[in-house]
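Chain A is the first sequence line, chain B the second, and so forth, proteins listed ahead of strands; every chain is numbered from 1.
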Amino acid sequence: MRRGGFNWSALGFAGLATIYLIAFSLIPMLVAGYLSFHRWLLVKDEATYVGWANYAALARDPLFLNAVGNSLKFVVMAVPLGMALALGAALLVSQPLRGTSVLRTILFVPAVSSLVALSMVWMWVYLPDRGLINSLVRLLRAGWVALGGSDPGWATDTDFLHDPAWALPALVFMSTWIGLGPRMVIFIAGLSGIPASLHEAAALDGCGTWRRFRSVTLPMLLPTTFFVLITSTIACFKLFTEVYVMTQGGPRRTTDVVAYHIYRQAWHKFEIGMASAQSYVLFLLILAAALVQFRLMRRRVRETEEAWAA
Amino acid sequence: MKGRRKIVGKIATYAALTALGAFTLTPLMWMAATSLRPEGSPLPTLRELVDGVLHPHFENYRYVLWFPELPVWRFAINSAVVTAGVVLLQLALCSTAGYAFARLTFRGRDALFAAFMLTMMIPSQAMIVPLFVIVKWLGWLNTYVGLIVPYPYLSTAFGTFLLRQFFATIPLALDDAARIDGCSHWGVFRHVILPSARPAMATVAAFAFIWTWTDFYWPLLATSSVNMRTLEVGLSVFKHAYGMTNWPLQMTAAVIVLLPVLTFFLAMQRFFVRGVVMTGMKA
């Protein structure tokens, strides 16, 4: 290979994607930064420079703070639940049993499906009266009575998507359903990387199944868990389509998450400057979450390694 | 004793596996069964669902596909054109950049690669406002160009990373042999790297296909005329037009939007698993 001088082939091969990313990644980020310091209504021609006023207004805006709170609540509920379920599914599916490969495919289906279509189906799941969950509750209740118990009086007409206490948890539950397949596949890959000899050694030492899971599987799975944690968190901050189709931010703004709030700000109120400032806040939120998790996880990994070495 | 415990464990595992499958499939099966009920009929009971499957009303499908107020076929063509465009653009960008990062040495290569990876951290939701402003300024709203070109900005880094990793596993001896035969870098890329990297290219293409076909936010913003809507946006228009009343028709529309993408997924599923394992996207 030629050393020194200008590498024209490199320019040709790397240039295409570089120019593309400058045009559609770097420049939009700069444009968003520029707009966030301006007051600009999409319908008008000129933008007025307002300095940090947009950001200052956001810090005091109860509706925006509500949206940030909703996003954080969603992440805090959806990420651990989704990961626990995915890990459980991965442990089950990696058993040497017939039918598990078909099941892996099935569990992956929601993740590659149209979100609008899935949201429409899940509106039925959450309907009062004839919705899936209320029907199941009614069935359980009838079964309990038929077995001779006294009527437990469970509600069978909860309108999940219109009940302020239930709407956000309903979206959380749906998101675990959608994300189950990909998260599970990553955990399966992590599980298959654990040497069987470790399990055998632990079994020889008299460890039961639960003890082996706690002391071998979980620590060995730490890097994988960290990976799923970060990707899930980023995905959960992006929640938009389900809110758009199923709740429109309601009831009483309990599902008005940041991404949806930005959408309303930009395309219903046409306040592009304010929406750009909100976009930057979302970007910083995701970055901060990723950094915090990274630091925590690095410490955990180091502790585990030290424990192993000792 | 030990044998019996083993059997009990096996039965419990199978029960849990079945529950998982049912958890995933129930909403999807309900969608398919409801689409076969007579148009305009109320939310079906379980017995009516079974009846719907035994005596299916396929005319819902004919009705939705030739829906008088919405050009459903036009939506499907739009989705196909946009998806094909994005897949091709994505492959062109990622394969050339992947080659540069895997096979060429040039000043600033590692810094450039790190910059590529950094773009993966940018949340799409935060980019969509400025992207809209730029596309509007370029005059690309309501055009295929506007729907296709700004799309892969998120997944270019993902695809480049995946292809670079794969290209690096192709033996250098193959390059050298081709170069002795008089191939330039372009020749090596075309005749050695690309033919050996078909599975990795298929993985990148498969992800680009699914992401584009099922994306909602960008086509919702970049199009305002009905004739430029994609299937995914068209479905939400349909849902709004019908409120939550006509469940059989709504579910028929949902099935029509889901079927192409599910067929594609089943045909290409091994590439998806490979891509998820290599990069962990869309978790």
Student: How about Leu17(B) and Gln95(A): do any of their side-chain heavy atoms sit closer than 4.5 Å?
Tutor: no
Student: Could you pull out the closest heavy-atom pair between Pro130(B) and Pro28(A), with the gap in Å?
Tutor: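 Looking at all heavy atoms of both residues, the closest pair is CB-O, 3.2 Å.
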Student: Could you look at Ala266(A) and say if it's the side chain, the backbone, both or neither that has a heavy atom under 4.5 Å from chain B?
Tutor: side chain
Student: Determine the minimum heavy-atom distance between Ile128(B) and Trp267(A), stating which atoms define it.
Tutor: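 That closest heavy-atom pairing would be O-CH2, 4.3 Å.
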Student: Can you see which heavy atom on Arg130(A) is nearest to which on Pro44(B), and at what distance?
Tutor: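 Shortest heavy-atom separation between Arg130(A) and Pro44(B) comes out as NH1-C, 4.1 Å.
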Student: Please look at Trp177(A) and chain B and tell me whether the side chain, the backbone, both or neither of the residue comes under 4.5 angstrom of a heavy atom of that chain.
Tutor: both
Student: Under the side chain to side chain contact (heavy atoms under 4.5 Å, CB included) rule, what do Thr34(B) and Trp124(A) come out as? Steps first, then yes or no, please.
Tutor: CA-CA 11 Å; Thr34(B) 304; Trp124(A) 160 73; over 6 Å; no
Student: Considering all heavy atoms of both residues, which atom of Val121(A) and which atom of Pro27(B) are nearest to each other, and what is their separation?
Tutor: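 Result for this residue pair: CG1-O, 3.2 Å.
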Student: With only heavy atoms counted, which part of Arg98(A) is less than 4.5 Å from chain B, the side chain, the backbone, both or neither?
Tutor: both
Student: For residues Val116(A) and Thr214(B), determine if any side-chain heavy atom of one lies less than 4.5 Å from a side-chain heavy atom of the other.
Tutor: no
Student: Would you say that Met123(A) contacts Gln250(B) through its side chain, given a criterion of any heavy-atom pair below 4.5 Å between the two side chains?
Tutor: no
Student: Return the orientation label for the Phe13(A) and Tyr99(B) ring planes: parallel under 30°, perpendicular over 60°, tilted otherwise.
Tutor: tilted
Student: With only heavy atoms counted, which part of Phe189(B) is less than 4.5 Å from chain A, the side chain, the backbone, both or neither?
Tutor: side chain
Student: Answer yes or no: is there a side-chain heavy-atom contact under 4.5 Å between Met120(A) and Leu235(B)?
Tutor: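 SC-SC contact between Met120(A) and Leu235(B) confirmed.
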Student: Between Tyr244(A) and Tyr217(B), is any pair of side-chain heavy atoms under 4.5 Å apart?
Tutor: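 With C-beta onward as the side chain, the pair stays apart.
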Student: For Leu26(A), which atoms come within 4.5 Å of any heavy atom of chain B: side chain, backbone, both, or neither?
Tutor: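 Nothing of Leu26(A), per the 4.5 Å heavy-atom cut-off to chain B.
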Student: What are the two closest non-hydrogen atoms of Ser279(A) and Val129(B), and how far apart are they?
Tutor: OG-CG2, 4.1 Å
Student: By a 4.5 Å heavy-atom criterion (distance strictly below it), what part of Leu30(A) contacts chain B: side chain, backbone, both, or neither?
Tutor: neither
Student: Considering only heavy atoms, which portion of Tyr34(A) lies under 4.5 Å from any heavy atom of chain B: side chain, backbone, both, or neither?
Tutor: neither
Student: Quick check on Leu35(A) against chain B: is it the side chain, the backbone, both or neither that has a heavy atom closer than 4.5 Å?
Tutor: side chain
Student: Between Trp247(B) and Leu127(A), is any pair of side-chain heavy atoms under 4.5 Å apart?
Tutor: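 A side-chain contact exists here, since the closest heavy-atom pair is under 4.5 Å.
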Student: Heavy-atom distance under 4.5 Å between the side chains of Thr156(B) and Leu21(A), does that happen here?
Tutor: yes
Student: Taking every non-hydrogen pair under 4.5 Å, which of Leu118(B), Val261(B), Thr160(B), Leu20(B) racks up the most with chain A?
Tutor: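 Counting heavy-atom pairs under 4.5 Å, the top option is Leu20(B).
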Student: Side-chain contact test, heavy atoms from C-beta onward, threshold under 4.5 Å: evaluate it for Ser25(A) versus Met127(B) and give yes or no.
Tutor: yes
Student: Can you see which heavy atom on Leu112(B) is nearest to which on Ala14(A), and at what distance?
Tutor: CD2-CB, 4.3 Å
Student: Where does Leu132(A) contact chain B at under 4.5 Å (heavy atoms): side chain, backbone, both or neither?
Tutor: side chain
Student: Measure distances from Ala86(A) to the heavy atoms of chain B and classify the residue's part below 4.5 Å as side chain, backbone, both or neither.
Tutor: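 Neither part, no heavy atoms under 4.5 Å.
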